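Heads up, the thing below is written out as structure tokens.
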Amino acid sequence: MSDWELKILCMGAGYVGGPTMAVIAKQCPKIRVVVGDISQKQIDAWNTDELPIYEPGLLEVVKECRGRNLFFSTDLDKEIEEADMIFISVNTPTKTKGIGAGRAANIKNCELCARHIAKVATSSKIVVEKSTVPVRTAGAIERILKSNEKGFSFQVLSNPEFLAEGTAIPDLMKPDRVLIGGQQTPEGLKAAEVLVSVYAHWVPREQILTTNLWSSELSKLVANAFLAQRVSSINSISALCEATGADVTEISRAVGMDDRIGKRFLTPSVGFGGSCFQKDILNLVYLCETYGLQECAAYWRQVIEMNDFQKKRFAEQVVSTMFNTVTGKKITILGYAFKKDTGDVRETPSMFVLRDLLQEQARIHVYDPQVKREDMWSELAYTCGISHDNTPGLDDSVVTEEDVYKACEGSHGICILTEWDEFKTLDYQRIYDSMSKPAFVFDGRLLVDHKELRKIGFEVHAIGKPDPLKFPGV
């Protein structure tokens with residue numbers, strides 16, 4: 001007889017599964033939580049203090065619970081047999097080939113999990129779809145599970161994550177809302193209540209929303225689409241500001257004071273990145289196309305096109321400002337992660353700026369306090385098709401530095417592409433003295449004090465800010 005109130009298995013030990021299960025284990029000490037993955041390397045890392053992902057506060061939570069009621073394992077068969085509830089939290093990348101290539105999500109990994117559960121399970125289970133998936137994916141998972149010949153019952157729930165990398169632990173500890181979708185049958189409603197009872201250990205009941213399956217699945221895509229739309233909206237205005245002499249910061253403040261609009265996500269940047277925004281919008285575009293809603297698809301596609309325009313526009317400004325050539329010049333990229341407080345480089349804007357500058361034959365030096373060199377190369381090859389195999393001399397053209405001042409030494413221009421707090425307090429006089437002159441700074445995050453840098457001697461160009469050379473006295 002088990003002393004555990006519930007046994008949970010999460011299939012997938014990545015950015016969502018690991019932190020989510022760690023917090024559940026922390027808040028529910030009488031629930032046994034296992035994070036399972038087929039990658040021995042990934043699981044081994046979770047069992048050390050060198051976790052496979054960086055997230056502020058995550059290590060402390062893992063160390064508190066690991067070995068008590070939080071476990072990491074590659075023995076999926078055993079854990080499937082023992083679990084009462086199984087979360088599927090695996091990668092669902094955008095398809096690169098076939099029908100819907102470049103837009104549709106590839107749910108192969110979700111299907112493989114469902115088939116393995118159906119094959120191995122020796123009792124009825126609640127299966128929770130945690131991965132971001134197209135609408136009605138739960139229906140496919142349900143059909144696969146119900147096709148088992150053992151007579152077991154499987155209830156499928158949708159429980160999308162609304163985490164922001166860099167703040168995942170606070171987001172999990174004090175979520176705005178928890179969304180749980182299930183079939184509106186007695187069995188489905190009962191299964192949903194089991195998951196509600198897990199979150200109710202620390203989340204107020206009024207913040208736990210229950211819906212039907214399809215509303216839950218679509219809500220995740222829509223939430224990310226709306227956030228990305230805000231970023232692209234203000235970025236489009238940043239381009240207009242640079243052309244007219246207006247200041248995007250002043251516009252953001254004026255617009256954000258309208259409580260119907262709000263202040264959040266109105267800071268312009270070089271563009272959005274990460275694993276979710278672009279993938280989810282492309283998924284939404286494909287869904288609209290699939291149901292014949294071409295105008296809706298075109299509307300959301302424009303959010304992506306504006307993001308691409310912003311990244312390209314930034315790189316083009318670097319080249320045009322530096323006398324229309326960066327060939328052979330050292331360019332320093334400060335920040336490679338798609339945002340601060342994470343080491344995630346998926347779809348990072350820095351990668352696209354690097355790609356464009358590399359094509360211009362610049363010598364690029366990259367400094368980021370968390371990004372691993374191998375992750376940088378892996379994403380560059382996967383997304384941009386740039387690798388050591390097809391790009392001779394890549395290691396000489398793109399150098400990663402562990403010292404920020406060495407990265408800037410002898411540089412012709414600095415591109416600030418991630419909003420790491422440490423970049424605000426660097427010794428810019430020291431950096432200026434070590435650089436080639438004229439020394440350029442391109443602020444893609446509106447992070448540093450432009451007036452102070454100009455006093456030192458830098459020529460500063462920033463997203464959405466009037467260029468004093470073009471608009472003197474502004």
Side-chain angles (χ1 to χ4, degrees), residues 12 14-16 88-111 129-141 158 160-165 214-236 265 269-313 338-339 344-353 355-356 378-386:
Y15 279 93
V16 174
I88 297 177
S89 184
V90 292
N91 194 22
T92 53
T94 302
K95 290 179 69 175
T96 56
K97 297 179 181 178
I99 298 170
R103 305 183 310 285
N106 189 339
I107 63 167
K108 176 191 75 172
N109 294 329
C110 289
E111 181 178 329
E129 178 188 78
K130 196 69 177 172
S131 302
T132 302
V133 293
V135 183
R136 306 199 77 83
T137 298
I141 292 174
S158 168
E161 52 85 15
F162 297 101
L163 308 180
E165 288 189 43
W214 324 126
S215 295
S216 178
E217 288 181 330
L218 186 55
S219 291
K220 173 58 193 283
L221 300 183
V222 173
N224 277 343
F226 272 50
L227 293 173
Q229 178 193 48
R230 299 261 296 192
V231 176
S232 281
S233 294
I234 197 62
N235 280 346
S236 73
F265 277 74
S269 68
V270 67
F272 60 75
S275 64
C276 294
F277 280 9
Q278 176 155 315
K279 181 187 74 169
D280 290 354
I281 293 175
L282 290 171
N283 194 344
L284 191 60
V285 167
Y286 184 66
L287 280 171
C288 292
E289 291 174 342
T290 300
Y291 290 103
L293 303 170
Q294 300 302 331
E295 292 79 6
C296 299
Y299 176 85
W300 289 110
R301 191 183 299 112
Q302 185 60 36
V303 174
I304 298 294
E305 292 176 2
M306 179 54 61
N307 195 52
D308 292 340
F309 168 73
Q310 186 78 340
K311 292 178 288 189
K312 186 172 182 60
R313 191 172 74 83
F338 84 92
K339 63 184 290 189
D344 196 349
V345 298
R346 289 176 290 181
E347 295 291 343
T348 176
S350 302
M351 172 175 59
F352 297 97
V353 173
R355 176 200 64 188
D356 292 349
S378 177
E379 181 66 13
L380 196 61
Y382 178 78
T383 303
C384 296
I386 297 173

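Note that the coordinates shown come from a computational prediction; the quantities given were computed from them, not determined experimentally. One is the number of the first residue; the rest follow in order along the sequence.
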Residues Asn224, Phe272; criterion side chain to side chain contact (heavy atoms under 4.5 Å, CB included); working and verdict:
CA-CA 11 Å; Asn224 277 343; Phe272 60 75; over 6 Å; no

The single option from Asp308, Leu380, Thr383 passing side-chain contact (heavy atoms from CB on, under 4.5 Å) against Phe352:
Thr383

Do the side chain of Lys220 and the main chain of Glu161 share a donor and acceptor less than 3.5 angstrom apart?
yes

So how far is it from Thr92 OG1 to Lys108 NZ, rounded to the nearest 0.5 Å?
12.0 Å

Heavy-atom pair of closest approach, residues Ile281 and Trp300:
CG2-O, 3.4 Å

Interatomic spacing from NZ in Lys279 to CD1 in Ile304 - rounded to 0.5 Å:
12.5 Å

Check Glu289 against Ala297 and note the closest heavy-atom contact, atom names and distance.
CG-CB, 3.6 Å

Of all the heavy-atom pairs spanning Asn91 and Asn109, show the shortest one and how long it is.
O-ND2, 2.9 Å

Check for a donor-acceptor pair, side chain of Gln310 on one end and backbone N or O of Ser269 on the other, with a separation under 3.5 Å.
yes

Donor-acceptor pair, side chain of Ser236 and main chain of Ser233, under 3.5 angstrom:
yes

Exam field: side chain Glu129 to backbone Ala138, donor-acceptor pair closer than 3.5 Å
yes

So if I apply the side-chain contact (heavy atoms from CB on, under 4.5 Å) rule between Ser158 and each of Ser219, Ser216, Ser131, Ser215, which one comes out positive?
Ser216

When every non-hydrogen atom of Ala164 is compared with those of Lys339, the smallest separation belongs to CB-NZ, 3.8 Å

Does the side chain of Tyr286 come within less than 4.5 Å of Ile99's, by heavy atoms?
yes

Which atom pair, heavy atoms only, marks the closest approach of Arg346 to Ser275?
CZ-CB, 3.3 Å

Is there a side-chain contact between Val222 and Asp280, using heavy atoms and a 4.5 Å cut-off?
no

Assess whether side chain to side chain contact (heavy atoms under 4.5 Å, CB included) is satisfied between Glu379 and Thr348, documenting all intermediate values.
CA-CA 9 Å; Glu379 181 66 13; Thr348 176; 5.5 Å; no

Evaluate side chain to side chain contact (heavy atoms under 4.5 Å, CB included) for Thr137 paired with Glu217, printing each intermediate quantity in order.
CA-CA 8 Å; Thr137 298; Glu217 288 181 330; 3.8 Å; yes

First locate atom CD of Gln278, then atom CG of Asn283, and finally report the distance between them rounded to the nearest 0.5 Å.
12.0 Å

Would you call the rings of Phe277 and Phe265 parallel, tilted or perpendicular, taking 30° and 60° as the class edges?
tilted

How many angstroms lie between atom OG1 of Thr94 and atom CG of Leu282, to the nearest 0.5 angstrom?
5.5 Å

Can you tell me how far the CE atom of Met306 sits from the CZ atom of Arg313, to the nearest 0.5 Å?
9.0 Å

Any donor-acceptor pair under 3.5 Å from Asn235 side chain to Val270 backbone:
no

Measuring only between side-chain heavy atoms, which start at C-beta, is Phe338 closer than 4.5 Å to Glu165?
yes

Show, in sequence, the C-alpha distance, side-chain angles and deciding distance for Thr96 and Tyr382, and conclude whether the side chain to side chain contact (heavy atoms under 4.5 Å, CB included) test is met.
CA-CA 10 Å; Thr96 56; Tyr382 178 78; 4.2 Å; yes

Please give me the minimum heavy-atom distance between Cys110 and Val90, naming the atom from each residue.
N-CG2, 3.8 Å

